[in-house]
Amino acid sequence: MTRRRWRITLLASLATLAAIFPITSLFTDTGWLSEAVLVVALVAGLGLAVRGLTRSRLLVVAVQVVVTAYVILARWTGDSFWLALPTPTTVEAANSLGLQALDTIQRYSAPAPLNDGVTFCLIVAIAAVAIAVDAMAATWRSPAAAGLPLLTAYLITAANGQSALALRFFVVPVVLWLVMLHTTARAQFGRWGTASANEQSQIDEAAHDRDALRSFTAGALKLGAVGIVAALLVPAITPHFPPRYLTEGLGRSGDGGGEGSVGFNDTLDLARSLNNQNQSPVLTYTTTAFTRAPLRVLATSYYSRGQWLVVGQGGNRPDNPSPLPPASQRRDYVLTVTDNTLAAPRIAAPYPVVAVAMEGTPWTIDPVTRDVRVGKSVADYRVTYADLSPSPPELRQSGAPDSPDITEDDLSIPDRSRDLVQRWSDDVTRGADNALDRAIAIQTHLRDTARYTYTLDLGQQPRDAEGRLLEPIQAFYQTRRGYCVQFATAMIMMARAQGIPARMAIGFLPGVASGDGHYIVRASDAHAWPELYFQGYGWLRFEPTPGSRSGTPPPYAVLGAGGAPTGGGRDVDTGSASGGATSSRRTLDLPAAEGPAPQQPSLVGSIASVFTPRNLVTALAVLVGLLAAFVMPITAWWLRLRRRRAAVTQQDLIEAEWQDLTSHLGDLGLTAPDGVTLRQLRHRYVTDGHLDDENASAMSRVTATLEKSRYDRPERTSPQEAIRLHHDIQSIRRQVGRTRAWKTRVKGFLWPEAAVSFWRSLPDRLFDLRRRG
Amino acid sequence: MTTTDTGLGTTAGRGTTADVADLGLIHDVADRLMGAMTSVIEGKPDVVRTTVTVLFAGGHLLIEDVPGVGKTMLAKTLAKSIDATVRRIQFTPDLLPSDVTGVSIFNQDARRFEFRPGAIFANVVVGDEINRASPKTQSALLESMEERQVTVDGTTYTLQAPFIVMATQNPIEMEGTYPLPEAQRDRFMARISMGYPSSGAELDLLESHGASSPLDALTPVTDADTINRVVQAVAHVHASPAVRQYIVDLVARSRSTSALRLGASPRAGLHLLRAARAYAALEGRDHVIPDDVQVLAGPVLAHRLMPSSETQLARRTTADVVTDLLRQVPVPPAAR
């Protein structure tokens with residue numbers, strides 16, 4: 001195996017990794033990345049090893065495919081293996097993983113949650129890309145073709161991502177690909193040269209070749225550089241639609257990119273909007289109201305796998321929105337929006353909308369959520385909305401919730417968190433005997449900045465005893481960190497646990513005044529808050545999020561506290577604190593009562609939990625991997641042992657020792673060419689091996705003994721000489737090893753020539769054996 | 001006249017303990033011989049060594065070089081160092097076979113044919129410019145070289161031991177010569193070239209040979225009997241199976257290589273082994289090692305081989321081919 005094969009294989013795997021790296025932006029979790037690195041490394045390692053053994057290119061690819069498929073199946077469907085072999089059940093397991101992935105991909109847009117199915121399919125795809133790249137770049141030595149699978153991997157992200165891809169995502173794999181091209185071109189060009197150079201004028205020819213090669217590569221480099229510069233310059237100077245290709249991102253114009261409109265995807269991940277501190281204005285408005293309300297874009301009741309989702313229309317839905325309270329019990333305001341950039345079909349408006357006035361596109365009001373949908377994006381519109389301003393005493397006396405716009409989702413709590421939420425909310429609302437007071441208690445509890453921290457950085461997500469990510473509600477309960485989504489979700493779930501229908505509203509904070517009565521809402525004003533249902537008044541906004549980036553609680557939620565049995569806001573706070581103990585203590589207390597997550601698992605249990613079938617399969621795979629990595633050293637060791645065992649006479653033993661030495665020194669770069677005698681070889685070993693005087697005389701003793709054993713009368717070799725020979729050889733091996741570079745030594749250890757030739761000649765020997773047999 | 005066993009290939013099957021070579025004797029004789037010869041042939045220790053090796057191995061020597069480098073001097077020096085019968089034959093185109101082998105002449109007094117031995121009946125025969133004789137005469141000489149006997153008129157006369165023919169020939173001046181056919185060259189154990197002396201040696205040569213030849217001052221340092229004993233002792237030098245295998249491999253490879261039209265004969269292998277034995281003894285060893293074989297492969301094999309036309313076109317000599325063979329053929333026991 002030449003060094004170039006090492007280099008090209010390494011480059012191919014690095015390029016593969018660089019091309020798949022953008023996929024990290026498609027998923028919420030990067031847990032798949034380490035698996036991907038392992039798979040790519042496995043493919044590269046297999047390629048290197050098998051190419052070293054056989055010239056059959058198809059065989060190389062076949063081994064890569066089979067072994068990689070086995071490892072992937074073992075990793076994800078290992079439970080179905082029988083005697084470490086796949087069974088029909090494995091196919092079913094793989095199929096169900098695929099279905100799971102399909103379901104996830106259809107249901108979520110990027111960034112999607114990561115689950116086993118998605119990871120499995122992703123790793124299979126990455127393995128396919130890695131094998132294709134390795135096969136083209138290293139096995140067939142045409143890295144130009146390897147650009148296609150690399151581009152495929154890159155397009156996975158470009159085609160599915162929501163936003164434009166950063167330039168670096170493209171540049172890194174391309175640079176690696178170019179280096180790969182360069183390396184192979186150099187290698188191939190270099191080979192022409194050595195083939196044509198003949199003995200007489202080797203030096204001149206070599207110099208000539210070098211010059212030619214230099215001008216060839218320089219020309220190629222210039223051509224490549226000109227191409228890249230042209231790719232950057234031409235789009236910059238020609239008229240174009242935003243965004244500019246290459247310099248402003250690749251693949252597609254993104255919704256949340258630097259320019260263009262602001263959109264909400266259906267997965268409602270506000271983290272990105274909040275995180276990017278995007279100051280681009282979404283809309284500008286004026287209002288007739290004195291107190292400004294948040295502008296709602298949409299609401300949803302469906303919570304699944306830690307995410308709020310907008311589900312399709314269907315089920316038992318009323319045909320029309322339920323009527324608002326009569327005009328006497330409400331006050332209507334008008335909001336006039338200009339410069340709206342929110343992407344269709346959404347528009348932002350305070351809740352509840354009474355009427356919409358806009359030109360150029362039809363609009364509808366969702367009968368359940370009262371979201372306003374438009375056919376296409378409009379710059380200017382006017383909405384009339386109602387301010388119900390119910391009084392707390394009235395709310396306290398509102399009856400049991402019963403309305404067509406309450407769905408069963410409005411009361412559902414994820415199973416995994418049900419117990420926790422129930423206990424938590426019971427604890428917080430202790431002493432409150434009606435829905436409003438309970439809601440206020442929950443809101444007050446969550447707004448306590450001594451307990452909860454508002455932050456966009458959720459930090460390391462906690463995991464349960466089995467290493468799975470916690471359900472986000474549980475995670476929030478443990479970390480007590482989060483932003484509006486976490487606070488709103490917690491309040492919604494706690495309200496639902498207390499029997500109050502609740503749903504998630506997404507929209508914008510009221511924005512800031514621009515001076516002339518206009519208010520500007522920016523993308524970073526994105527916000528989420530809970531809406532709770534009170535019979536007779538409909539869905540009412542609450543504001544559990546503490547901190548600056550939050551809305552003000554509505555009057556009923558603050559005023560109501562004044563008349564609440566537990567006293568004022570402060571009192572509620574202390575009351576709930578004393579009732580539920582302090583938060584830090586509570587987090588210690590409560591989990592003790594929790595069933596599913598025992599705090600102090602027994603030692604036996606923890607050991608047993610380590611030995612899950614999956615872990616065992618992983619351990620087996622690691623063991624097989626280690627064995628594969630050390631198969632050559634082990635073979636060499638076994639060959640040595642076999643030779644020694646087979647030695648009958650003194651001479652055989654001496655020959656075995658000598659063979660050890662020559663093959664070991666050969667691995668260290670001191671080869672023994674055919675046709676050299678012992679004395680010539682001794683000279684070579686002493687000079688090229690940089691043996692000191694002591695070892696040089698040891699070498700002389702060794703060759704003298706060997707010469708005697710080989711060529712003198714057999715009875716003249718004494719056993720003492722054989723023993724001394726062994727010691728001398730050990731000493732020489734150590735000395736020569738010290739003078740070699742560590743790379744040579746590692747290669748000599750991992751890839752001993754004796755073992756390699758053993759495996760190479762194995763097919764021939766088996767064939768001979770069969771023919772003789 | 002006595003028949004002597006030259007020990008040709010006879011040790012291989014014998015027991016080993018009883019046949020330990022008398023290294024002391026060999027060493028002593030070699031020292032004296034080489035000392036004497038070096039005093040005349042200056043600056044050519046390798047040539048002297050090979051010459052003595054061939055003498056000890058019981059072979060014949062072909063000295064091939066341009067005129068004036070001391071071919072004849074070498075032959076005469078060796079002849080004079082040994083207290084033995086020496087004959088010199090100057091080969092010319094009109095030399096008759098009977099001049100070499102001898103002739104039966106009718107004795108008028110005794111009224112019967114009497115055998116008059118030719119020039120070949122000596123311990124050391126120096127044949128000058130052997131390629132100038134007619135092929136018929138050459139054949140007569142070469143036949144007796146191999147068989148160590150002369151048959152004239154149906155009567156066989158055995159040559160006395162030791163018997164060494166040292167023939168010289170000039171490879172440059174080809175006009176009016178009859179180059180030795182390869183088959184006949186095969187009879188010579190080794191062919192050596194003198195080569196020009198180094199400038200220092202040449203300076204010394206001008207000085208020492210100015211007044212009188214140092215050859216005149218040379219006195220014999222050994223005698224025919226001793227040489228006979230040495231030849232017998234050399235035959236007892238141990239050649240292990242590995243070494244014999246190596247020689248066979250070399251010879252076999254010379255027959256299969258595309259660089260040669262004609263490979264080495266079995267006799268070539270035999271000669272190589274004998275020469276290697278002598279060389280090992282000169283080195284003070286009683287066993288042959290592959291290094292001995294490698295040293296002698298060139299002198300012993302090169303003159304017997306015929307280059308292929310490709311080799312000739314590439315202006316490579318058979319000696320170059322032998323060097324290649326040595327590089328290619330693994331030394332047994334093979335490393336792998």
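Hydrogens, waters and symmetry mates are skipped; everything else that's a heavy atom, side chains included, is used. Note that the coordinates shown come from a computational prediction; the quantities given were computed from them, not determined experimentally.
- Each of B/Val329, B/Val243, B/Ile289 has some count of heavy-atom pairs under 4.5 Å with chain A, and the biggest count is that of B/Ile289.
- Interface remark: B/Gln328 contributes backbone atoms only to the contact with chain A (heavy atom separation under 4.5 Å).
- The distance from atom NZ of A/Lys708 to atom OG of B/Ser240, rounded to the nearest 0.5 Å, is 14.5 Å.
- Open room surrounds CZ on A/Arg645; 12 or fewer heavy atoms of other groups in view lie less than 6.0 Å from it.
- Remark: the backbone N or O of A/Gly675 is paired with a side-chain donor or acceptor of B/Gln294 at under 3.5 angstrom.
- Residues B/Ala242 and A/Arg710 share a closest heavy-atom pair of CB-O, 4.3 Å.
- Taken from CG in B/Leu326 to CG in A/Asp674, the straight-line distance is 12.5 Å, to the nearest 0.5 Å.
- The number of heavy-atom neighbours closer than 6.0 Å to CG of A/Asp693, taken from other residues, nucleotides and ligands shown, is 12 or below.
- In this structure, CG in B/Asp291 is found 8.0 Å from OH in A/Tyr711, a value given to the nearest 0.5 Å.
- Using a 4.5 Å heavy-atom threshold, the side chains of A/Val676 and B/Arg327 count as separate.
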* Take A/Arg713 and B/Asp286, measure what salt bridge (charged side-chain N to carboxylate O under 4.0 Å, His left out) needs, and give me the verdict at the end. => CA-CA 9 Å; A/Arg713 295 165 178 81; B/Asp286 68 344; 3.2 Å; yes
